[in-house]
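Read the structure below first, then the notes.
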Amino acid sequence: MKKEIIVNSTQYETRVALLEGGKLVELTVKGADDNRIVSNIFKGKIKTVLPGMQAAFVDIGMEKAAFLHSSDIGKLADGGHYDADDDEEAPVDIIRKTKRAGIETVLKEGQEVLVQVIKEPISTKGPRVSTEISLAGRYVVMVPDDHAVRVSKKISDWAEKKRLRSIVRDMRPEGFGFIVRTEGEGRSESDFKADIKRLLKYWTQLTKRADRLEPPALLHQEMSMITGIIRDIYSDDIESLVVDNRAVYREIVSFVREIAPALKGRVKLYKEKKPIFDAYNIEPDIEKMIDRKVWIKKGAYLIIDQTEAMVTIDVNTGRFVGRKDQETTIFRTNIDAAREVARQVRLRDIGGLIVIDFIDMYNRENRRKLYDEYCYQLRNDRAKRAVSPVSDFGLIEMTRERIRPSLMTALSDPCPHCDGLGRVLSKQTMSTKVERWFQRAKASSNHKRFNLIVNPDLADHLTNGGGNRVAKLSNAYRFHINLVRDTTLSQQKFIVMDMETSEDLTKEFFS
């Protein structure tokens, strides 16, 4: 299956899309003000220890104290060893089987501790942290104060697992454990040696900073979103990596030259006038990403509802009535739905508890086939997950790793008119949509003078949110744009009219 990475980078937003077979399956969005902290390492100070919850709160210099559960305490509790599966990809956020002493015997208020963020702050909760530190390289993850060598579960060949474990074990420094990442499959001894040497050098520098600084202090900041994604997914099976920003292109080429020089030739700079996400037909899928209803094939559809506790996905036949018996019709609808649900789970980055209500089937063999198909469609999902077989009620229950808010949360704000029961596009997202409209107009139209009609709140964001965007658009594209405030217009809409003819151009460029 053809795989591509498409990068769209502007002053206000960076978006990275992963395409499989020409279809969008993963999207990562980072605004100019987004500061993601997963994998950052802090020197913190214990604020409160709660024996009843077997947890503690740690001051790491953020607005909300970080949450540290006893299951995420490593060497502080058991001398540097933990009982993890021999094939785990990473040592964070795993349920420990080792029975530990009470947290109050390990941690005291005011105690200094090194912690790593394993979950972003979500809703009213602060970040979750672990004392089990890890540093990710290209081919291995290094775990200080450990001794084991593990291999990714995604490497299925046992002879290769044995070879990789032997290579890394022979060069393992005392006091460090390692996990061979999926990208390490087939790599030579020299590849691992260089990766481990780089990680060891960085760890030495980090510990020196830790000795010198007073808590709370940031010791290690995870690399940028783009370079982090490239490190994790840019491999031999990616046919091309296309980026539309020259500065970002140079950054990517420099990074790829260091970690995977053989793949440097696949990085391409997009130079066409047409916006890159339009050229690859990605924008329509993003527009539908917060829709509650998702159409499948032949008139069937999904209803996706997200709550604080779980996400429910309901499968409906809709207009699809089939040509054979009812069981066959339902089975075909469920198979199509399983493929689309797997794609939507990855695309929306849905985490936590997910319940999928498929249409009831009486044939047990069909239930088994449905479960197998759904698991197969999730084979490329990078998040950890557990999926249960189809129940007698037609339900598939699953859990999926949640380390940050879903894309629905990132791309939208709670609706002020329904007190959070629904979602509306954020002012940032709407402002970016306005910019994309004028970018398309520049590429496809001879119009030069416009009236841009928007809600006053959106107008304020366009003129004050990080600089006057309307003025920048006018200068960039040599347009004359007159901003008109209209209190009757929803924040979710904008109207663009030709200043001379008063012709409504809004739909002309696919806003």
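Position 1 is the first residue of the sequence, and the numbers go up from there.
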- prompt: Considering all heavy atoms of both residues, which atom of V248 and which atom of S9 are nearest to each other, and what is their separation?
  reply: CG2-OG, 3.5 Å

- request: Step by step, work out the side chain to side chain contact (heavy atoms under 4.5 Å, CB included) result for F450 and D498.
  value: CA-CA 5 Å; F450 305 90; D498 184 280; 5.8 Å; no

- request: Give a yes or no on whether the backbone of L425 and the side-chain of Q492 come within a donor-acceptor separation of less than 3.5 Å.
  value: yes

task: Quick one: list whatever passes side chain to side chain donor-acceptor pair (under 3.5 Å) with S224, sequence neighbours left out.
output: T227, E251

- request: Grab the two heavy atoms, one from P216 and one from G61, that are nearest each other, plus how far apart they are.
  value: CB-N, 3.3 Å

field: Polar side-chain atom of R257 near backbone of K264 as donor-acceptor pair, under 3.5 Å
entry: no

- prompt: Which is it for E26 and R348 under the salt bridge (Lys or Arg N to Asp or Glu O under 4.0 Å) test, yes or no, and what are the steps along the way?
  reply: CA-CA 8 Å; E26 287 187 26; R348 301 182 185 218; over 6 Å; no

field: Donor-acceptor under 3.5 Å (D191 side chain, S188 main chain)
entry: yes

message: Any donor-acceptor pair under 3.5 Å linking the side-chain atoms of T333 with those of T317?
response: no

- request: Indicate yes or no: at least one non-hydrogen side-chain atom of L452 is less than 4.5 angstrom from one of F494.
  value: yes

query: Below 4.0 angstrom, N of the basic side chain to O of the carboxylate: do R181 and E185 qualify?
result: no

- prompt: Which of parallel (below 30°), tilted (30 to 60°) and perpendicular (above 60°) describes F438 and F479?
  reply: tilted

message: Going by side chain to side chain donor-acceptor pair (under 3.5 Å), name the residues that satisfy it together with N482, two or more places apart in sequence or in a different chain.
response: N451

message: Donor-acceptor check, side chain of Y234 to backbone of I5, threshold 3.5 angstrom: yes or no?
response: no

query: Is D237 salt-bridged to K3, cutoff N-O under 4.0 Å?
result: yes

- request: Find out whether L27 and M289 are in side-chain contact, i.e. whether some heavy atom of one side chain is under 4.5 Å from a heavy atom of the other.
  value: yes

task: Taking atom CZ of R478 as the centre, report whether more than 12 heavy atoms of other residues, nucleotides or ligands fall under 6.0 Å from it.
output: no

field: For N40, the option from L218, V115, L219 that meets side chain to side chain contact (heavy atoms under 4.5 Å, CB included)
entry: L218

field: R400 side chain vs A386 backbone, donor-acceptor pair below 3.5 Å
entry: no

- prompt: Around K64, counting heavy atoms of other residues, nucleotides and ligands shown, do more than 12 lie under 6.0 Å from its NZ?
  reply: yes

- prompt: Could you walk me through whether D357 and I313 pass the side chain to side chain contact (heavy atoms under 4.5 Å, CB included) check?
  reply: CA-CA 6 Å; D357 184 10; I313 303 176; over 6 Å; no

- line: Taken to the nearest 0.5 Å, the spacing of F67 CZ from I118 CD1 works out to 10.0 Å

Nearest non-hydrogen partners of A65 and F57, listed with the distance: CB-CB, 4.0 Å

field: More than 12 heavy atoms of other groups within 6.0 Å of K442 NZ
entry: yes

- prompt: Do the side chain of S431 and the main chain of K427 share a donor and acceptor less than 3.5 angstrom apart?
  reply: yes

message: Within the 4.5 Å heavy-atom criterion, are V7 and F277 side-chain neighbours or not?
response: no

More than 12 heavy atoms from other groups under 6.0 Å of NZ on K448: yes

Show every donor-acceptor pair shorter than 3.5 Å between a side-chain atom in residues 192-204 and any protein atom, with sequence neighbours excluded, or say none if there are none.
| from | atom 1 | to | atom 2 | distance (Å) |
| --- | --- | --- | --- | --- |
| D195 | OD1 | R138 | N | 3.3 |
| D195 | OD1 | R198 | NH2 | 2.8 |
| D195 | OD2 | R138 | N | 3.1 |
| D195 | OD2 | Y139 | N | 2.7 |
| D195 | OD2 | V140 | N | 3.2 |
| Y202 | OH | H220 | ND1 | 2.7 |
| T204 | OG1 | L200 | O | 3.0 |

message: Can you tell me how far apart CD (E435) and CZ (R440) are? Round to the nearest 0.5 Å.
response: 12.0 Å

query: Centre of Y249's six-membered ring, under 6.0 Å away, within 45 degrees of the axis: is that where NZ or CZ of R246 sits?
result: no

message: So does D381 get a backbone contact from the side chain of R385, meaning a donor-acceptor N/O pair under 3.5 Å?
response: yes

field: Derivation of the side chain to side chain contact (heavy atoms under 4.5 Å, CB included) call for K268 and Y270
entry: CA-CA 6 Å; K268 302 171 184 176; Y270 182 81; over 6 Å; no

message: So V16 and I6, do their side chains get closer than 4.5 Å, heavy atoms only?
response: no

query: Under 3.5 Å, is there a donor-acceptor pair between the Q344 and E340 side chains?
result: yes

message: With no hydrogens and no angle check, just 3.5 Å: does a side-chain donor-acceptor pair link T429 and S426?
response: yes

query: In Å, rounded to the nearest 0.5 Å, how long is the span from OG1 of T10 to CD of Q439?
result: 9.0 Å

- request: List the steps and the verdict of salt bridge (Lys or Arg N to Asp or Glu O under 4.0 Å) for R343 and D285.
  value: CA-CA 11 Å; R343 176 171 171 262; D285 282 333; 2.9 Å; yes

query: So, does E120 use its side chain to make a donor-acceptor pair with the main chain of I37 at under 3.5 Å?
result: yes

message: So, taking the atom named CD1 in I453 and the one named CG in D486, what distance separates them when rounded to the nearest 0.5 Å?
response: 6.5 Å

message: Does this structure show an ion pair linking E283 with K288, if we count only N-O contacts that are shorter than 4.0 Å?
response: no

- prompt: Just by distance, do the side chain of S240 and the backbone of R266 share a donor-acceptor pair under 3.5 Å?
  reply: no

- request: Measure the CG-CZ distance between L378 and R339 for me, rounded to the nearest 0.5 Å.
  value: 13.0 Å

- prompt: Quick one: are T14 and I226 in side-chain contact, heavy atoms under 4.5 Å?
  reply: yes

message: Is the shortest side-chain heavy-atom distance between L135 and P144 below 4.5 Å?
response: no

Closest heavy-atom pair and its distance - E132, Q116: O-OE1, 3.8 Å

- line: Value for CD1 (I350) from CE (M310), rounded to nearest 0.5 Å, stands at 13.5 Å

task: Please tell me if the side chains of I282 and I286 come closer than 4.5 Å, counting only heavy atoms from C-beta onward.
output: yes

- line: Heavy-atom nearest pair, S130 first then D72, reads OG-O, 3.0 Å

message: Quick one about D314 and N316 (side-chain donor to acceptor, distance below 3.5 Å, no hydrogens or angles considered), yes or no?
response: yes

Test item: L505 and E503 side chains (from C-beta on) under 4.5 Å apart, heavy atoms: yes

- prompt: Is R449 paired with E500 through a side-chain N to carboxylate O contact shorter than 4.0 Å?
  reply: yes

field: Backbone N/O of R128 and side chain of K119: donor-acceptor pair under 3.5 Å
entry: no

Test: E183 and K154 ion pair at under 4.0 Å: no

task: List the atom of E287, the atom of D291, and the distance in Å for their closest heavy-atom pair.
output: O-OD1, 4.1 Å

field: Full working for side chain to side chain contact (heavy atoms under 4.5 Å, CB included) between I495 and D504
entry: CA-CA 7 Å; I495 299 172; D504 189 343; 3.9 Å; yes

